[in-house]
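Whatever order the structure lists ligands and atoms in, that order sets their numbers, starting from 1.
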Amino acid sequence: MITLRNISKNYEGVQAVDDISLKIHPNTVHGIMGRSGAGKSTLVRLMSLLECPDNGEVFFNDCRVDNLKGKALRERRRQLGMVFQNFNLFLSRNVFSNVAYPLEIAGVDKRSIQNRVYELLDLVELSSKIEYPINRLSGGQKQRIAIARALAHHPKILFCDEATSALDPQTTLTILQLIKDIQNRMNLTVVMITHQMEVVKEICAFVSIIDNGKVIKNESVQNLFSFPHTGTAHELISPLRYSDVILKKQRLHLVGNTTEDILSRLAKIYHTNVNIVTGSIRSVNNKSVSNFIIELTISEGTLNTIIADLRSQKISIEVLHA
Ligand SMILES: Nc1ncnc2c1ncn2[C@@H]1O[C@H](COP(=O)(O)OP(=O)(O)O)[C@@H](O)[C@H]1O
Ligand SMILES: [Mg+2]
């Protein structure tokens, strides 16, 4: 549990964080959403002990942490992972030594570093790139490496500040999926700072909306989409409909060159089971034409994305109503 009690931070007259009190439950993904300049990054720097608040207190469980100094502070910080929009990787180091870096500075022995780096690269599915220089990786791969590095010391809390804001929508989904997976597997508390409602909708259980350094909404994502809002909350939320977060069983009829690869990619990217209800493959003019009926449990928003995705691969789709 992270508890913030009346914390404030002022920069030369700018009240970046203004008397915020907030609880973040363990083992969840909690979104901090707001426009640019709202105070999100400042808030995360206070929570992650990179800066001290002018007023107020920060607790991890029942332990006050905002006033720690020296060794105690360094040890606390080690239990926190951070991931940023621009990855913050060392361009002069390769993949291995970027992930190894936090372990090296903590004085971990060589053999243990090597084992841990292999484990971490396996987790983010980039073991094959271990010797690569950073500038040969795509944006999504760089973010995977940054996530691996952030997890080096088995943190309890992972802070992601606009971690997907520099990525295209497809890559964003795969990174969110990875974060969700890791959260589940490691019982992590994840704090996702974002200006994108799609991110909140995709993986957060709770969300706090920040505006002008204050919390203006703090609730479950389900509630956020269930009730009408006013002011800033309305502006941020209204472009999306509630149906975008409700998962429903959908039955699709696919005709074209649907391969197993395509179906397993769907399952992976869109974080869903793909059940094949019926399937057959025929050869027409030496081309194989498949005919599949599949079932997926997805939101309406994801359904539309999948339809566009498959149509772009020349597969015709009909949504069947069960
Ligand atoms: N180190 C700093 N020095 C001066 N002003 C700052 C500093 N950090 C943030 N601010 C100001 O505080 C406000 C909130 O910034 P920030 O927390 O970065 O917002 P967000 O992450 O929501 O975009 C902005 O007006 C910003 O200019
Ligand atoms: Mg920011």
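- Protein atoms of type N, O or S found under 2.8 Å from the Mg ion (ligand 2) total 1.
- Listed by first and then second residue, the ring pair (Phe, Tyr, Trp, His ring centres under 6.0 Å) pairs involving residues 5-28 are His25-Phe206 (not counting sequence neighbours).
- At a cut-off of 3.5 Å, with distance as the only test, a side-chain donor of Asp309 or Gln313 sits close to an acceptor on the other residue.
- Looking only at side-chain heavy atoms (C-beta outward), Leu167 and Thr174 stay at 4.5 Å or farther from each other.
- Here CZ of Arg136 is found 8.5 Å from NZ of Lys129. Values are rounded to the nearest 0.5 Å.
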Would you mind writing out the side-chain donor-acceptor pairs for residues 12-22 within the sub-3.5 Å range, not counting sequence neighbours?
from	atom 1	to	atom 2	distance (Å)
Gln15	OE1	Asn10	ND2	2.7
Gln15	NE2	Val17	O	3.0
Asp18	OD2	Lys214	NZ	3.4
Asp19	OD1	Asn6	ND2	3.0
Ser21	OG	Asn6	N	2.9

Tell me, with the steps shown, if Gln177 and Lys180 meet side chain to side chain donor-acceptor pair (under 3.5 Å). CA-CA 5 Å; Gln177 168 76 59; Lys180 183 70 197 149; over 6 Å; no
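- At least one cation-pi condition fails for Arg149 and Tyr101: the charged atom is not both under 6.0 angstrom from the six-membered ring centre and inside a 45 degree cone around its axis.
- For ligand 1, the protein residues within 4.0 angstrom (heavy atoms only) are Tyr11, Val14, Ala16, Arg35, Ser36, Gly37, Ala38, Gly39, Lys40, Ser41, Thr42, Arg45.
- A single hydrophobic cluster is not seen to contain both Ile24 and Met1; linkage of ILVMFWY side chains at heavy-atom distances under 4.5 Å, directly or through other members, places them apart.
- A distance-only check finds a donor-acceptor pair linking the side chain of Lys40 to the backbone of Arg35 [under 3.5 Å].
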